[in-house]
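Reading through the structure tokens given below for one structure.
Excluded from the calculations below are hydrogen atoms, water molecules and symmetry mates; all remaining heavy atoms, backbone and side chain alike, are included.
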Amino acid sequence: MKNVSKYTRQFFEAPKSSMSWTKKAYIDKAPQWCSVDLRDGNQALIIPMSLGEKLEFFKKLVDIGFKEIEIGFPAASETEYDFCRTLIEENLIPDDVTIQVLTQSREHIIEKTFEALRGCKNAIVHLYNSTSLAQREQVFRKPKEEIIDIAVSGAKLCKEYRARYESNFKFEYSPESFTGTEPEFALEICNAVLDVWQPTPEDKVIINLPVTVQLSMPHVYANQVEYMCENLKYRENVVVSLHPHNDRGCAVADTEMGLLAGADRVEGTLFGNGERTGNVDIITLALNMYSQGVDPQLDFGDIPSITELYTRVTRMTVNDRQPYSGKLVFAAFSGSHQDAIAKGMKWREEGHTQHWTVPYLPIDPTDVGREYEADVIRINSQSGKGGIGYILETRFGYDLPKKMRESVGYLVKGVSDHKHKELLPDEVYEIFRTHYVDIESPLNVTAAHFVQNDGIEAKIDVVYNEKKLFAANSGNGRLDAVSNAVRSCTGLEYSINTYTEHALDVGSASKAVSYVEILDKNGTSFWGTGIDTDIIKSSIKALVSAVNNMLK
């Protein structure tokens with residue numbers, strides 16, 4: 001790459017850090033969640049959501065279980081203001097849900113913000129100003145003292161305006177661009193704000209540490225979070241919050257490590273929508289916890305419906321490989337993966353474990369509203385006999401013999417390869433049915449009668465190459481007797497190598513399905529399948545199908 005010398009590290013390491021968080025292997029409880037889809041996510045859209053779309057999205061967030069929802073920047077536009085008023089005036093905010101609004105540290109904006117909250121039962125007023133070295137030098141051109149004054153004056157104004165209302169209003173402060181701020185200065189300005197707000201057990205304050213722009217590896221951010229957690233004033237009455245963006249693709253790692261480092265709360269969006277590369281994806285965070293047996297306190301049991309709403313009102317898409325949410329994240333095309341999944345599902349059905357341990361599937365797809373047949377085993381030219389057999393068994397009831405699965409697998413894969421496309425379950429079944437089931441040409445046994453002599457004698461009517469024939473022969477069983485009769489009247493050379501059968505479905509009217517493998521005089525294998533309510537007839541049909549495959 002050219003011009004590498006123009007870049008340098010813009011972050012500041014924490015001055016001291018015990019890194020005790022590195023000794024923790026997992027997050028053991030859900031944080032406080034705050035969705036910022038309707039503010040941070042909305043402002044990143046090419047076409048921001050309409051009032052009606054924001055209302056629909058808000059209701060979905062409530063249904064999912066969010067107790068804190070940042071709804072917008074009421075002083076920024078008429079739509080933002082009207083949305084806040086609509087929620088309040090139409091009594092759309094449940095008593096256990098707190099809305100959050102954003103404001104800059106400027107009096108007319110703070111005044112407008114509190115005016116927008118008039119009549120709201122529970123709200124968080126989120127005050128912010130930029131603190132990074134780059135912003136101080138290039139944008140504000142102010143020294144640290146004046147940046148602190150901006151924050152402190154805003155905190156005082158928030159406190160004054162809150163006193164005019166009887167509602168339950170809490171405070172949040174963000175040193176915006178925290179990751180580009182010297183940790184000592186971030187601590188100084190946050191403590192100055194806390195000194196104004198004087199948090200108590202009944203009136204806790206949120207200190208939000210945003211990864212406004214991702215500048216470092218995740219462990220550096222975690223050390224910064226740990227430093228703040230260990231040195232903030234009033235820590236027992238402070239809720240430390242994280243708000244990671246995803247510029248380096250590490251928002252989830254930033255958040256998880258930040259929680260291990262002592263944070264209590266997370267702000268993020270569904271599917272990670274947000275400016276530039278986005279915010280942290282709350283669905284991924286929550287389901288990461290869920291996959292390790294920790295209740296995230298959010299309900300993502302119907303990802304398809306959440307995806308439908310999200311894509312419709314935001315005009316955004318969910319990538320097919322988006323963790324947990326994408327259409328293909330549970331899909332297995334690889335033959336070895338399909339085989340392992342199918343065997344893992346069988347192991348689970350047999351009751352070997354109460355915990356989910358199926359290979360290649362970190363969680364049960366049905367727990368997030370997906371279907372095994374449609375979402376897990378996907379068939380293309382890379383698939384294997386295990387996956388194809390799984391589709392035929394779970395979707396259509398055919399439990400193919402192990403050796404037959406290989407034969408069917410090669411056939412189906414060949415069709416997919418030739419057509420250069422994925423095959424849907426119905427297409428897989430049609431290939432199987434056409435090539436193996438009840439094949440009646442050029443040979444067909446149209447009638448069979450049995451007599452018990454020394455063994456079983458079969459008398460059969462046969463159509464072979466459009467000629468009607470009659471034959472009789474004996475064998476050590478009905479199928480063997482029919483096979484001997486077929487060979488005697490046609491002159492065909494083969495032997496029966498495998499025969500299995502099972503009920504195709506449950507009930508008194510259940511059909512039987514039979515599978516027959518024959519070997520020709522060169523030892524080449526051919527398979528056939530027969531279906532009938534009579535097990536003898538189904539076995540004869542399977543034999544006939546196998547012979548016809550040999551003749552082809």
For Thr255, the side-chain contact (heavy atoms from CB on, under 4.5 Å) test, sequence neighbours excluded, returns Leu242, Pro244, Leu259, Val266, Val280, Leu285
Is it the case that more than 12 heavy atoms not belonging to Trp356 sit under 6.0 Å from its CH2 atom?
-> yes
Check whether any side-chain N or O of Tyr173 sits under 3.5 Å from a backbone N or O of Ala155 as a donor-acceptor pair, and report yes or no.
-> no
Any donor-acceptor pair under 3.5 Å from Asp320 side chain to Leu328 backbone = no
Answer yes or no: is there a donor N or O on one side and an acceptor on the other, between the side chain of Thr311 and the main chain of Glu308, under 3.5 Å?
-> yes
Any ring-ring contact (aromatic ring centres under 6.0 Å, His included) involving residues 246-304? Give me the pairs, sequence neighbours left out, ordered by first then second residue.
-> Phe271-Tyr310
Has the side chain of Ser241 got a donor or acceptor atom that lies under 3.5 Å from a matching backbone atom of Asn208?
-> no
Which residues share a salt bridge (charged side-chain N to carboxylate O under 4.0 Å, His left out) with Lys204, sequence neighbours left out = none
Return yes when atom CD of Glu13 has more than 12 non-hydrogen atoms of other residues, nucleotides or ligands closer than 6.0 Å, and no otherwise.
-> no
Going from OG on Ser416 to CG on Leu411, what distance comes out if it is rounded to the nearest 0.5 angstrom?
-> 11.5 Å
Is it true that a side-chain atom of Arg315 and a backbone atom of Val313 form a donor plus acceptor pair closer than 3.5 Å?
-> yes
Note, Phe73 side chain near Leu102 side chain (heavy atom, < 4.5 Å) = yes
Between Lys419 and Glu427, is the closest basic N to carboxylate O distance under 4.0 Å?
-> no
For the pair Asn273 (side chain) and Gly41 (backbone), establish whether a donor and an acceptor sit closer than 3.5 Å, ignoring hydrogens and angles.
-> yes
Would a distance-only check, ignoring hydrogens and angles, find a side-chain to backbone donor-acceptor pair under 3.5 Å from Arg395 to Pro425?
-> no
Kindly write out the residues that satisfy salt bridge (charged side-chain N to carboxylate O under 4.0 Å, His left out) with Asp295, not counting sequence neighbours, or none if the list is empty.
-> none
Verify the neighbour count for atom CZ of Phe140: are there more than 12 heavy atoms of other residues, nucleotides or ligands below 6.0 Å?
-> yes
Residue pairs involving residues 251-260 (criterion salt bridge (Lys or Arg N to Asp or Glu O under 4.0 Å); sequence neighbours excluded) = none
Any pair with a residue in residues 273-282 that passes salt bridge (Lys or Arg N to Asp or Glu O under 4.0 Å), sequence neighbours left out, goes on the list, sorted by first then second residue, please.
-> Asp247-Arg276
Are the side chains of His243 and Phe178 in touch, meaning some heavy atoms are under 4.5 Å apart?
-> no
Report yes if some heavy atom in the side chain of Asn223 is under 4.5 Å from a heavy atom in the side chain of Met19; otherwise report no.
-> yes
Approximate separation, where rounding is to 0.5 Å, of Glu172 CD and Trp197 CH2 = 8.0 Å
Which pair of heavy atoms, one from Pro74 and one from Ala116, lies closest together, and at what distance?
-> CB-CB, 3.5 Å
On a heavy-atom basis, the closest approach of Pro359 and Ile341 is O-CG1, 3.3 Å
Taking all atoms of both residues into account, what is the closest heavy-atom pair of Asn288 and Ser291, and its distance?
-> O-OG, 2.8 Å
Any salt bridge (Lys or Arg N to Asp or Glu O under 4.0 Å) involving residues 79-88? Give me the pairs, sequence neighbours left out, ordered by first then second residue.
-> Lys54-Glu80, Arg85-Glu89
Taking everything shown except Glu166 itself, do over 12 heavy atoms lie less than 6.0 Å from its CD?
-> no
Nearest heavy-atom neighbours spanning Leu400 and Arg405 = O-NE, 3.3 Å
Report the residues that fulfil salt bridge (charged side-chain N to carboxylate O under 4.0 Å, His left out) with Arg106, sequence neighbours left out, ordered by chain and then residue number.
-> none
Who passes side-chain contact (heavy atoms from CB on, under 4.5 Å) against Pro362, sequence neighbours left out?
-> none
Quick one: does NZ or CZ of Arg433 land under 6.0 Å from the six-membered ring centre of Phe396, within 45 degrees of the ring axis?
-> no
Heavy-atom side-chain contact between Lys59 and Glu56 under 4.5 Å = no
Side-chain atoms of residues 60-70: list all donor-acceptor pairs with protein atoms under 3.5 Å, sequence neighbours left out, distances to 0.1 Å.
residue	atom	partner	partner atom	Å
Lys67	NZ	Asp96	OD2	2.6
Glu68	OE1	Arg265	NE	2.7
Glu68	OE1	Arg265	NH2	2.8
Glu68	OE2	Gln32	NE2	3.3
Glu70	OE1	Arg39	NE	2.6
Glu70	OE1	Arg39	NH2	3.0
Glu70	OE2	Gln100	NE2	2.6
Glu70	OE2	His126	ND1	3.0

Which atoms form the tightest heavy-atom contact between Ala30 and Val294, and what is the distance?
-> N-CG1, 4.2 Å
Does the side chain of Phe58 come within less than 4.5 Å of Ile93's, by heavy atoms?
-> yes
Between atom CD of Gln224 and atom CG of Leu209, what is the distance when rounded to the nearest 0.5 Å?
-> 9.0 Å
Between Phe330 and Ile363, is any pair of side-chain heavy atoms under 4.5 Å apart?
-> yes
Nearest-0.5 Å distance, CD of residue Glu111 to OG1 of residue Thr103 | 11.0 Å
Partners of Lys112 by salt bridge (charged side-chain N to carboxylate O under 4.0 Å, His left out), sequence neighbours excluded?
-> none
Are side-chain heavy atoms of Met49 and Phe83 found at a separation under 4.5 Å?
-> no
Where do Tyr398 and Glu393 land on the side chain to side chain donor-acceptor pair (under 3.5 Å) test, with the steps shown first?
-> CA-CA 4 Å; Tyr398 293 89; Glu393 180 176 1; over 6 Å; no
His337 vs Tyr360 aromatic rings, parallel, tilted or perpendicular, using cut-offs 30° and 60°?
-> parallel
If you measure from the Lys or Arg side-chain nitrogens to the Asp or Glu carboxylate oxygens, is any gap between Arg162 and Asp203 under 4.0 Å?
-> yes
Contacts of Phe12 that satisfy side-chain contact (heavy atoms from CB on, under 4.5 Å) - sequence neighbours left out | Leu133, Glu182, Pro183
Report yes if the side chains of Ile110 and Tyr161 come closer than 4.5 Å at any heavy-atom pair, otherwise no.
-> yes
Give a yes or no answer on whether the side chain of Trp33 reaches the backbone of Pro296 with a donor-acceptor pair at less than 3.5 Å.
-> yes
Quick one: pull up SG in Cys34 and CD1 in Ile99 and give me the separation to the nearest 0.5 Å.
-> 11.0 Å
If you round to the nearest 0.5 Å, how far is CG of Leu260 from NE2 of His219?
-> 14.0 Å
Are the side chain of Arg370 and the backbone of Lys327 linked by a donor-acceptor contact shorter than 3.5 Å?
-> yes
Distance only, no hydrogens: is a donor on one side chain within 3.5 Å (strictly under) of an acceptor on the other, for Tyr221 and Gln214?
-> no
Taking all heavy atoms of Cys250 and all of Pro218, pick out the closest pair and write down the distance.
-> CB-CG, 3.8 Å
Just wondering, more than 12 heavy atoms not from His352 lying within 6.0 Å of its NE2?
-> yes
Test item: Arg312 side-chain N/O and Leu309 main-chain N/O as donor-acceptor pair under 3.5 Å = no
